[in-house]
Amino acid sequence: MSSATVSFNVASAQGEQSVTLSYTRQGSGEPLLLLHGIGHHRQVWDPVIPALAAERDVIAVDLPGCGESPALPDGMAHDLPTMNTVLTALFGALRIERPHVAGNSLGGLLALDLARAQLVRSVTALSPAGFWNDVERRYAFTVLMTMRQIAQRMPLPVVERLARPAIGRTLLTSTIYARPGRRSPEAVVAETLALARAQGFFETLRSGRTVQFTDDIVGTPVTVAWGSRDRLLIPRQGVRAKSIIPRARLVRLPGCGHVPMNDDPALVARVVLDGSR
């Protein structure tokens with residue numbers, strides 16, 4: 001898959017600003033937008049895209065300041081309202097009307113926020129942020145900050161050397177993957193670099209300190225799926241999500257971690273496709 005870019009104008013307090021996002025698009029059918037988590041990049045969805053693209057027009061996007069997408073212009077915050085505005089403008093730029101959306105972690109929270117505004121056809125949220133209590137949030141933020149600092153301080157040759165054996169990939173990624181040995185060395189190197197270089201990382205975390213998803217979603221099908229071995233956002237948060245969004249379908253992902261797409265691609269693809277019927 002080759003990447004493309006799209007630029008579009010977004011309203012801000014400083015007037016209209018130009019935003020550019022990098023994405024890949026594959027398949028045919030109803031549009032399905034894929035959103036990754038904080039400090040990650042769109043390639044995290046690669047294990048499930050072939051199965052999804054057999055039935056959907058799949059668009060995997062690098063969020064602003066992540067992967068190959070530049071950060072938002074000065075004066076635009078990396079917060080939930082701004083991201084909602086940016087993604088809504090992206091729909092228009094790509095000529096997709098009310099797509100299905102699947103998101104992981106931060107991407108899951110963004111997808112649910114779009115559903116709350118009735119801007120999407122369906123949502124599948126994989127371990128979405130925003131259903132934590134204060135202790136759980138502080139723990140998750142501390143882990144993310146530590147991962148970021150390690151990624152920034154580790155020289156590239158060390159990352160490449162560590163990523164070759166399965167035990168090294170486990171050291172680098174076991175916080176987010178339950179089966180890190182299944183991730184290729186090249187993918188582990190790329191996502192470590194993505195975490196180290198992600199612009200807006202700290203601002204996104206800072207804005208997340210006050211984020212708590214507390215609204216029911218009516219009129220949009222919602223699936224919330226949680227890995228049974230999620231070490232970052234613990235699985236009981238899925239039960240909390242179900243109590244807040246009672247019509248949501250809550251799915252357990254056995255043996256999967258916080259980022260389940262590589263742990264069990266077939267299961268995750270099936271959950272996303274079922275959630276976007």
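FYI, side chains are in, hydrogens and waters are out, and symmetry mates aren't considered; it's all heavy atoms of this structure.
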Participant: Can a cation-pi geometry be assigned to R236 and F131, taking NZ or CZ under 6.0 Å from the six-membered ring centre and within 45° of the ring axis?
Facilitator: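 Cation-pi check for R236 and F131: fails.
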Participant: For the CD1 atom of I234 and the OH atom of Y139, what is their distance to the nearest 0.5 Å?
Facilitator: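 Atom-to-atom, I234:CD1 and Y139:OH are 8.5 Å apart.
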Participant: Dump the intermediate steps for side chain to side chain contact (heavy atoms under 4.5 Å, CB included) on V6 and L90, then the final yes or no.
Facilitator: CA-CA 8 Å; V6 60; L90 174 67; 3.7 Å; yes
Participant: Looking at every non-hydrogen atom in both residues, tell me the closest pair between P260 and N104 and how far apart they are.
Facilitator: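 Shortest heavy-atom separation between P260 and N104 comes out as CD-ND2, 4.0 Å.
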Participant: When hydrophobic residues are tied together by side-chain contacts of less than 4.5 Å, even through go-betweens, does V189 share a cluster with M261?
Facilitator: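 No, it is not one cluster - the side chains of V189 and M261 are not joined through contacts under 4.5 Å.
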Participant: In this structure, would M145 and V211 fall into the same cluster of hydrophobic residues linked by side-chain contacts under 4.5 Å?
Facilitator: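 Result: yes, single cluster for both.
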Participant: Classify the angle between the aromatic ring planes of W132 and F141 as parallel (below 30°), tilted (30 to 60°) or perpendicular (above 60°).
Facilitator: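 Taking F141 first and then W132, their aromatic rings stand perpendicular (interplane angle over 60°).
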Participant: Going by the salt bridge (Lys or Arg N to Asp or Glu O under 4.0 Å) test, which pairs reach into residues 157-177, not counting sequence neighbours?
Facilitator: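 Passing the test, one end in residues 157-177: no pairs.
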Participant: Could you measure the distance from the OG atom of S127 to the CG atom of L109? Nearest 0.5 Å is fine.
Facilitator: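 Result: 12.5 Å between the selected atoms.
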Participant: At what distance, to the nearest 0.5 angstrom, does CG of L119 lie from CG of N84?
Facilitator: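 It comes to 6.0 Å.
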Participant: Between atom CE of M154 and atom CG of L172, what is the distance when rounded to the nearest 0.5 Å?
Facilitator: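 One finds 5.5 Å between CE of M154 and CG of L172.
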Participant: Got a donor-acceptor contact below 3.5 angstrom from the T5 side chain to the L21 backbone?
Facilitator: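 It does not hold such a pair.
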Participant: Tell me, with the steps shown, if I49 and L34 meet side chain to side chain contact (heavy atoms under 4.5 Å, CB included).
Facilitator: CA-CA 9 Å; I49 285 179; L34 304 179; 4.0 Å; yes
Participant: Is a side-chain N or O of S105 found less than 3.5 angstrom from the main chain of A129, in a donor-acceptor match?
Facilitator: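 Side chain of S105 to backbone of A129: no pair is present.
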Participant: Are V44 and V143 connected in the hydrophobic side-chain network, where two residues link if heavy atoms are under 4.5 Å apart?
Facilitator: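 Yes, one cluster joins them.
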Participant: Is L63 close to L110 at the side-chain level, that is, under 4.5 Å between some pair of heavy atoms?
Facilitator: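 When only atoms from C-beta onward are counted, L63 and L110 do touch, with a gap below 4.5 Å.
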Participant: Does the side chain of C66 reach to within under 4.5 Å of the side chain of H36, using non-hydrogen atoms?
Facilitator: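 Yes - at least one pair of side-chain heavy atoms lies under 4.5 Å apart.
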Participant: One thing to verify: whether D216 and R247 come together as a salt bridge, which I'm taking to mean a side-chain N less than 4.0 angstrom from a carboxylate O.
Facilitator: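 Salt bridge present between R247 and D216.
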Participant: Are T220 and V120 close enough that some pair of their side-chain heavy atoms sits under 4.5 Å apart?
Facilitator: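 When only atoms from C-beta onward are counted, V120 and T220 do touch, with a gap below 4.5 Å.
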Participant: Would you confirm whether N9, through its side chain, and E16, through its main-chain N or O, come within 3.5 Å as a donor-acceptor pair?
Facilitator: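 Checked: no pair found.
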Participant: Roughly how far apart are H41 NE2 and L193 CG, rounded to 0.5 Å?
Facilitator: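 Rounded to the nearest 0.5 Å, the NE2-CG separation comes out at 9.0 Å.
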Participant: Which residues pass the side-chain contact (heavy atoms from CB on, under 4.5 Å) test with T210, not counting sequence neighbours?
Facilitator: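 Here no residue qualifies.
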Participant: State, yes or no, whether a side-chain contact exists between W226 and C256 at a heavy-atom distance under 4.5 Å.
Facilitator: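 No, their side chains stay 4.5 Å or more apart.
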Participant: Would you say the side chain of T20 lies within less than 4.5 Å of the side chain of S69, judging by non-hydrogen atoms?
Facilitator: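 They are not in contact (no side-chain heavy atoms under 4.5 Å apart), so the answer is no.
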Participant: Give me the atom names and distance for the closest heavy-atom approach of Y23 to I59.
Facilitator: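 In terms of heavy atoms, the two residues are closest at CD1-CG2, 4.0 Å.
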Participant: Please assess R116 against D215 for the test salt bridge (Lys or Arg N to Asp or Glu O under 4.0 Å), listing each intermediate value before the final yes or no.
Facilitator: CA-CA 8 Å; R116 178 165 53 186; D215 295 334; 3.0 Å; yes
Participant: Under a 4.0 Å threshold between the charged nitrogen and the carboxylate oxygen, would D62 count as salt-bridged to R42?
Facilitator: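 Answer for the salt bridge query: yes.
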Participant: Should we say atom CZ of R197 is surrounded by more than 12 heavy atoms from elsewhere, each under 6.0 Å from it?
Facilitator: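 Not more than 12 within 6.0 Å, no.
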Participant: Take S276 and R121 through the test side chain to side chain donor-acceptor pair (under 3.5 Å) and record every step on the way to the result.
Facilitator: CA-CA 8 Å; S276 60; R121 302 184 200 195; over 6 Å; no
Participant: Begin with the C-alpha distance, continue with both residues' side-chain angles, and end with the deciding distance and a verdict on side chain to side chain contact (heavy atoms under 4.5 Å, CB included) for L205 and L144.
Facilitator: CA-CA 9 Å; L205 270 191; L144 288 167; 4.0 Å; yes
Participant: If you look at every heavy atom in G227 and P235, which pair is closest and at what distance?
Facilitator: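 Where G227 meets P235 most closely, the heavy atoms are O-CG, 3.4 Å.
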Participant: Show your reasoning for whether side chain to side chain contact (heavy atoms under 4.5 Å, CB included) applies to I217 and I244.
Facilitator: CA-CA 9 Å; I217 294 174; I244 292 167; over 6 Å; no
Participant: Would you kindly say whether S122 and H100 are connected by a side-chain donor-acceptor distance under 3.5 Å?
Facilitator: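 Note: S122 and H100 side chains meet the donor-acceptor criterion.
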Participant: Flag yes if more than 12 heavy atoms outside D74 fall under 6.0 Å of its CG atom; otherwise flag no.
Facilitator: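 Counting other residues, nucleotides and ligands, CG of D74 stays at 12 neighbours or fewer.
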Participant: I'd like to know if V159 and V259 are part of one continuous hydrophobic network [Ile/Leu/Val/Met/Phe/Trp/Tyr, side-chain heavy atoms within less than 4.5 Å].
Facilitator: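 Different clusters: V259 never reaches V159 through Ile, Leu, Val, Met, Phe, Trp or Tyr contacts under 4.5 Å.
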Participant: Charged N to carboxylate O below 4.0 Å: is that the case for R277 and E30?
Facilitator: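 No, no charged N to carboxylate O under 4.0 Å.
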Participant: As an exercise, state the distance from OG1 of T223 to CG of L273, rounded to the nearest 0.5 Å.
Facilitator: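 Rounded to the nearest 0.5 Å, the OG1-CG separation comes to 11.0 Å.
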Participant: Just by distance, do the side chain of R148 and the backbone of A198 share a donor-acceptor pair under 3.5 Å?
Facilitator: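 Yes, R148 side chain to A198 backbone: donor-acceptor pair under 3.5 Å.
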Participant: Quick one: closest heavy-atom pair of P64 and M83, and the distance?
Facilitator: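 Shortest heavy-atom separation between P64 and M83 comes out as CD-CE, 3.4 Å.
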Participant: Quick one: does D79's side chain have a donor or acceptor within less than 3.5 Å of a partner on S207's backbone?
Facilitator: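 Not confirmed, D79 side chain does not pair with S207 backbone.
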Participant: Is the number of heavy atoms from other residues, nucleotides or ligands under 6.0 Å of I167 CD1 greater than 12?
Facilitator: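 Atom CD1 in I167 is not crowded, with 12 or fewer foreign heavy atoms closer than 6.0 Å.
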Participant: Any chance the side chains of T173 and E191 put a donor and an acceptor closer than 3.5 Å?
Facilitator: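 No, no side-chain donor-acceptor pair sits under 3.5 Å.
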Participant: In this structure, are over 12 heavy atoms from other groups packed under 6.0 Å from E97 atom CD?
Facilitator: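 Atom CD in E97 is not crowded, with 12 or fewer foreign heavy atoms closer than 6.0 Å.
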Participant: Using a 4.5 Å cut-off on heavy atoms from C-beta on, say whether the side chain of R252 contacts that of P254.
Facilitator: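 Answer yes - side chains close enough.
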Participant: If hydrophobic clusters are built by linking Ile, Leu, Val, Met, Phe, Trp and Tyr wherever their side-chain heavy atoms come under 4.5 Å apart, do L250 and V123 end up in the same one?
Facilitator: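 Yes, it is one cluster - the side chains of L250 and V123 are joined through contacts under 4.5 Å.
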Participant: Are the side chain of S12 and the backbone of M76 linked by a donor-acceptor contact shorter than 3.5 Å?
Facilitator: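 Answer holds: no.
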Participant: Are H258 and D230 linked by a side-chain donor-acceptor pair shorter than 3.5 Å?
Facilitator: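 D230 and H258 do have a side-chain donor-acceptor pair below 3.5 Å.
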Participant: Donor-acceptor pair, R182 side chain versus D263 backbone, under 3.5 Å?
Facilitator: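 Yes, the answer is positive, given that a donor and an acceptor are paired below the 3.5 Å cut-off.
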Participant: Of the non-hydrogen atoms in A111 and L35, which two are nearest, and what is the gap between them?
Facilitator: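 Nearest pair, atom of A111 first, then L35: N-CD1, 4.2 Å.
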Participant: What pair of heavy atoms forms the shortest contact from W45 to L126, and how long is it?
Facilitator: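 Closest approach of W45 to L126: CH2-CD1, 3.8 Å.
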Participant: Given 3.5 Å as the limit, does a donor-acceptor pair link the side chain of E136 with the main chain of N133, or not?
Facilitator: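 Yes, because the side chain of E136 sits within donor-acceptor range (under 3.5 Å) of the backbone of N133.
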Participant: If we only count heavy atoms from C-beta on, is the D57 to R25 side-chain gap below 4.5 Å?
Facilitator: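 The answer is yes, as the side chains (C-beta and beyond) meet within the 4.5 Å cut-off.
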Participant: Determine the sole option in T170, I176, V188 for which the side chain to side chain contact (heavy atoms under 4.5 Å, CB included) test with R183 is passed.
Facilitator: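 Testing each of T170, I176, V188 against R183, the sole residue satisfying side chain to side chain contact (heavy atoms under 4.5 Å, CB included) is V188.
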Participant: Determine whether F91 and L33 make a side-chain contact, defined as any pair of heavy atoms from C-beta on separated by less than 4.5 Å.
Facilitator: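 Result yes, sub-4.5 Å side-chain heavy-atom pair found.
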Participant: Between Q152 (side chain only) and A196 (backbone N and O only), is there a donor and an acceptor less than 3.5 Å apart?
Facilitator: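 Yes; judged by distance alone, with no hydrogens or angles, the pair exists.
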Participant: Looking only at atom types and distance, does a side-chain atom of K242 sit under 3.5 Å from a main-chain N or O of R249, one as donor and one as acceptor?
Facilitator: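 No, K242 side chain to R249 backbone: no donor-acceptor pair under 3.5 Å.
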